[in-house]
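Chain letters run A, B, ... following the sequence lines, proteins first, then strands; residues in each count from 1. Note that this is a predicted model, so its numbers are computed, not measured.
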Number of protein chains: 2
Amino acid sequence: MINAMIDTVKIAKALSDPVRHKIMLMLAQNNQECCPVPGEVEGKTGLCNCEIMAKLGMIQSRVSYHMKELVEAGIVAEEPRGKWKMYFIKTKTLNQFLEQLRADFKLD
Amino acid sequence: MINAMIDTVKIAKALSDPVRHKIMLMLAQNNQECCPVPGEVEGKTGLCNCEIMAKLGMIQSRVSYHMKELVEAGIVAEEPRGKWKMYFIKTKTLNQFLEQLRADFKLD
DNA sequence: TAATCATATCAAATTTATTTGATTGATGCA
DNA sequence: TGCATCAATCAAATAAATTTGATATGATTA
């Protein structure tokens, strides 16, 4: 499979909102408590929408909006689990993002 | 000197605008043509405002606004050179930014 | 000093992003 | 089927970011 082009501006924008940053931290910590079937993608377990709502104390449509932004930026994967939806951090894409920045800005 | 705290959300926001991303790429390429005294910070040469305006074809106040955003995010340094102002990419801070993301998101 | 040049700042206009509450659609279960 | 649950979408409201043109500041030069 050919690597998708990394849109660094788009990913940076996804990470530039405090709510989404918190969500990413949560996803990275592999927490999952409320959903019956823990998911696994790239060796990581995921979170469902309901748990994110609970942890952040935010209403459903707000969480849904931000999850969509993260998915569209390509740094979060989603997978339906019955009427739930599990979200997973896309480690590979984030690594590519960092590599791209490293190359663009000539870092070490 | 103690390392300044890295505000990843703030830096991501700075990088999330296409104009600023272009500017960062330009700064990373060490170009400098129009200014009499090339600057040097962290081993990099810099760019003056006027050259950024010319390269991007943008008016002065617009460039000034974006440079301020980059400086306030901590990823660009500025240094007056007479009536010009030179800008430098802050490689160290960008490296710290990447390291922070790597740790936050448990990347390799 | 006066004029010029480079940049900063400001207010207004515009555009884009975020939040909310309501509604819809889809799934699972009684 | 009918009901309950979870998530997506929509429209409206709000907030934040960006752009522009005008003006101000500060340095250089004639």
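- In this structure, A:Ser16 contributes its side chain and A:Lys13 its backbone to a donor-acceptor pair below 3.5 Å.
- Hydrophobic clustering of Ile, Leu, Val, Met, Phe, Trp and Tyr side chains at less than 4.5 Å, counting indirect connections, unites B:Ile11 with B:Leu25.
- The distance between atom CD of B:Glu51 and atom P of C:dT7, rounded to the nearest whole Å, is 11 Å.
- For the OP1/OP2 pair of D:dT5 and a distance below 4.0 Å, the side-chain nitrogens and oxygens of A:Asn49 include no atom meeting the criterion.
- If you find the closest nucleotide of DNA chain C to A:Lys83 and to A:Lys13, the one lying nearer the 5' end belongs to A:Lys13.
- Dashed line: the shortest gap from a side-chain N or O of B:Arg20 to OP1 or OP2 of D:dT18 is under 4.0 Å.
- Rounded to whole angstrom, the span from the CH2 atom of A:Trp84 across to the P atom of C:dT27 amounts to 14 Å.
- Between B:Leu27 and the choices B:Val76, B:Ile75, B:Thr91, the side-chain contact (heavy atoms from CB on, under 4.5 Å) rule is met once, by B:Val76.
- Rounded to an integer number of Å, the gap from NZ of B:Lys10 to C1' of D:dA17 is 15 Å.
- In this structure B:Gln100 satisfies the side chain to side chain contact (heavy atoms under 4.5 Å, CB included) test together with B:Ile6, B:Thr8, B:Asp104, sequence neighbours excluded.
- C:dC5 atom P lies 13 Å from atom CE of B:Met53, rounded to whole Å.
- In this model, the phosphate group of D:dA27 is not approached by any side-chain N or O of B:Lys85 to a distance below 4.0 Å at OP1 or OP2.
- Listed nucleotides C:dT7, D:dT19, C:dG21 differ in distance to A:Ser61; the shortest reach to its side chain belongs to C:dG21.
- Of the two residues contacting DNA chain C, namely B:Arg62 and A:Ile59, the nearest-nucleotide position lying further toward the 5' end is that of B:Arg62.
- Within the structure, every side-chain polar atom (N or O) of B:Ser64 is placed at least 4.0 Å from both OP1 and OP2 of C:dT7.
- Atom CG of A:Leu70 and atom C1' of C:dT18 are 14 Å apart (whole Å).
- In this entry the distance linking CE of A:Met86 with C1' of D:dC6 reads 14 Å, nearest Å.
- C:dT19 atom P lies 15 Å from atom NZ of A:Lys68, rounded to whole Å.
- A donor N or O paired with an acceptor N or O is found under 3.5 Å between the base of D:dA8 and the side-chain atoms of A:Gln60.
- A sub-4.0 Å separation between OP1 or OP2 of D:dT19 and a side-chain N or O of B:His66 is present.
- Distance, A:Leu56 CG to C:dT19 P: 11 Å, rounded to whole Å.
- No continuous path of hydrophobic side-chain contacts links A:Val9 to A:Phe97 [ILVMFWY only; heavy atoms under 4.5 Å].
- The side chain of A:Tyr65 approaches C:dT19 more closely than any other nucleotide in the set C:dT19, D:dA17, C:dT9.
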